[in-house]
Amino acid sequence: MSQPVLLVIAHGSRDPRHAATVHALIRRVRAQRPGLRVETGFLDFNIPSVQGVLESLAAEGVRDVVALPLLLTRAFHAKADIPTVLRQAPAQLRIRQAEVLGPSPLLTAALERRLYEAGLTPADKSSTGVVLASAGSTDPEAIAVIAEIAREWRRTGWCAVRPAFASASLPRTEDAVRELRALGCARVAVAPYVLAPGFLPDRIARGAAEADVLADVLGPAPEVARVLLDRYQEAAAARIPALASLGA
C-alpha cells in the first residue's frame with residue numbers, strides 16, 4: 001500500500017519571506033525523505049490554498065493524506081481553522097490531521113543551533129539569559145506550553161530563560177530582556193520561537209534592540225524538518241479515524 005501524501009499546512013502571510021522560508025523547509029523535508037510526496041497549502045494570503053491542493057489530489061486519485069499544521073503550538077488555527085478546512089475536502093480523501101510540531105526536544109535543539117549561529121558558544125550558557133520569544137496567543141494552553149518550554153530549557157544550563165510574546169500576551173520581548181539584565185545575566189540573547197519571518201517576528205526583533213544577541217527564526221533548520229517527519233510518521237501509523245468530510 002502506498003504511503004499517504006504529506007500535506008503541510010502553513011498559515012500564509014503578505015510578507016514574501018514567509019512563503020520563501022516555508023518552501024525552503026519543505027525542500028529540506030523532501031531531501032530527508034526521498035520518495036515521500038510532500039505538498040504545501042496555505043490558509044491565507046498565499047497560493048496554493050489548502051482547499052485547492054486537496055481538490056487536485058482527489059482529482060489525481062490520491063486517497064490517503066496526512067495534513068500537518070506547520071504550527072508550534074496547539075492554538076486556534078490547529079483546533080478550529082484547519083479541521084474546518086479539512087472537513088470541506090473531497091469526500092474520497094481519507095485525511096488524518098497530524099499533531100503540531102511543538103513541543104519537542106528537536107525544536108529546542110534548533111533554538112540552540114540558531115543561538116550558536118548568532119555568535120554564542122556552549123561555554124556562554126551559564127552566563128547568558130535567553131528570551132524565548134514566541135508570536136503569542138489568546139489560547140491558555142499555548143501560553144502554558146511556551147512557559148513550560150522555557151522552564152525545561154533553563155535546566156540545560158542557561159543563566160535564565162524567560163518566555164515573551166509578540167502579541168496577545170505579556171511580557172513583551174523588550175520587557176523580558178530588561179528582566180534578565182536586572183537578574184544579573186552577563187549577556188542577554190533573544191531566541192525567536194517562530195518558524196518564518198513576518199510581522200510578529202519583526203516585532204520580536206525590534207524588542208531585542210537592547211539584547212546582545214538576536215538569533216534567526218527557526219526556518220529550515222534540519223531539526224525542524226526531522227520533527228515534521230516524525231509528526232507525519234506518527235499520524236500515518238496511528239489507528240485513528242480520518243476526519244469526516246463535508247465534501248460531495
Side-chain angles (χ1 to χ4, degrees), residues 11 13 15 17-18 21 69-79 100-122 124-219 221 223-224 227:
H11 183 273
S13 171
D15 189 322
R17 297 173 298 167
H18 174 89
T21 302
L70 195 60
L71 301 169
L72 295 172
T73 58
R74 268 182 50 78
F76 182 79
H77 292 305
K79 295 177 178 178
V100 297
L101 301 184
S104 167
L106 286 169
L107 295 178
T108 305
L111 288 166
E112 294 213 4
R113 170 192 291 275
R114 293 302 188 222
L115 285 170
Y116 297 150
E117 289 171 350
L120 293 180
T121 70
D124 296 324
K125 289 183 76 166
S126 63
S127 58
T128 302
V130 178
V131 177
L132 179 67
S134 75
S137 174
T138 57
D139 189 303
E141 178 186 348
I143 297 305
V145 166
I146 300 299
E148 180 60 23
I149 293 170
R151 283 192 292 269
E152 291 295 323
W153 201 15
R154 161 68 181 83
R155 296 188 180 110
T156 68
W158 296 101
C159 175
V161 181
R162 293 289 185 272
F165 307 95
S167 68
S169 307
L170 296 173
R172 295 287 183 255
T173 301
E174 54 268 33
D175 297 323
V177 169
R178 291 170 190 141
E179 180 187 353
L180 291 172
R181 289 267 187 239
L183 280 175
C185 297
R187 68 184 63 76
V188 176
V190 174
Y193 189 58
V194 293
L195 287 166
F199 177 76
L200 293 178
D202 284 349
R203 181 179 289 177
I204 290 171
R206 291 193 298 272
E210 297 178 18
D212 301 293
V213 173
L214 170 62
D216 199 358
V217 299
L218 294 172
E223 296 88 353
V224 178
V227 73

field: Leu106 side chain reached by Val224 side chain, heavy atoms, under 4.5 Å
entry: no

field: Asp216/Arg113 salt bridge by N-O under 4.0 Å criterion
entry: no

field: Heavy-atom pair of closest approach, residues Leu72 and Leu107
entry: CD2-CD1, 3.8 Å

message: So Leu195 and His11, do their side chains get closer than 4.5 Å, heavy atoms only?
response: no

message: Could you report the tightest heavy-atom contact between Ala211 and Val190, atom names first, then the distance?
response: CB-CG2, 3.8 Å

field: Separation of Asp212 CG from Asp124 CG (nearest 0.5 Å)
entry: 10.5 Å

message: Whether Glu141 and Lys79 form a salt bridge (side-chain N of Lys/Arg under 4.0 Å from carboxylate O of Asp/Glu) is what I want to check.
response: yes

Tyr193 versus Pro103, closest heavy-atom pair with distance: OH-CA, 4.3 Å

query: Between Thr156 and Glu112, which heavy-atom pair has the shortest distance, and what is it?
result: OG1-OE2, 3.8 Å

message: What I'd like to find out is whether the side chain of Trp158 reaches to under 4.5 Å of the side chain of Leu180, using heavy atoms alone.
response: no

field: Ile143 side, atom CD1; Thr138 side, atom OG1 - distance, nearest 0.5 Å
entry: 8.0 Å

query: Is a donor on one side and an acceptor on the other found under 3.5 Å between the side chain of Arg74 and the backbone of Ala142?
result: no

field: Euclidean distance, Arg162 CZ relative to Asp175 CG, rounded to 0.5 Å
entry: 13.0 Å

field: Derivation of the side-chain contact (heavy atoms from CB on, under 4.5 Å) call for Asp202 and Arg17
entry: CA-CA 11 Å; Asp202 284 349; Arg17 297 173 298 167; 2.9 Å; yes

field: Note, Tyr116 side chain near Pro122 side chain (heavy atom, < 4.5 Å)
entry: yes

query: In Å, rounded to the nearest 0.5 Å, how long is the span from CZ of Arg203 to CZ of Arg206?
result: 6.5 Å

- prompt: If you look at every heavy atom in Ala133 and Val194, which pair is closest and at what distance?
  reply: O-CG1, 4.4 Å

- prompt: Can you name the closest pair of heavy atoms from Ala186 and Arg181 and give their distance?
  reply: O-NH1, 4.3 Å

- prompt: At what distance, to the nearest 0.5 angstrom, does CZ of Arg154 lie from CG of Leu132?
  reply: 14.5 Å

field: Test item: Ser167 side-chain N/O and Ala135 main-chain N/O as donor-acceptor pair under 3.5 Å
entry: yes

message: Can you tell me how far apart CD1 (Ile204) and CG (Leu214) are? Round to the nearest 0.5 Å.
response: 9.0 Å

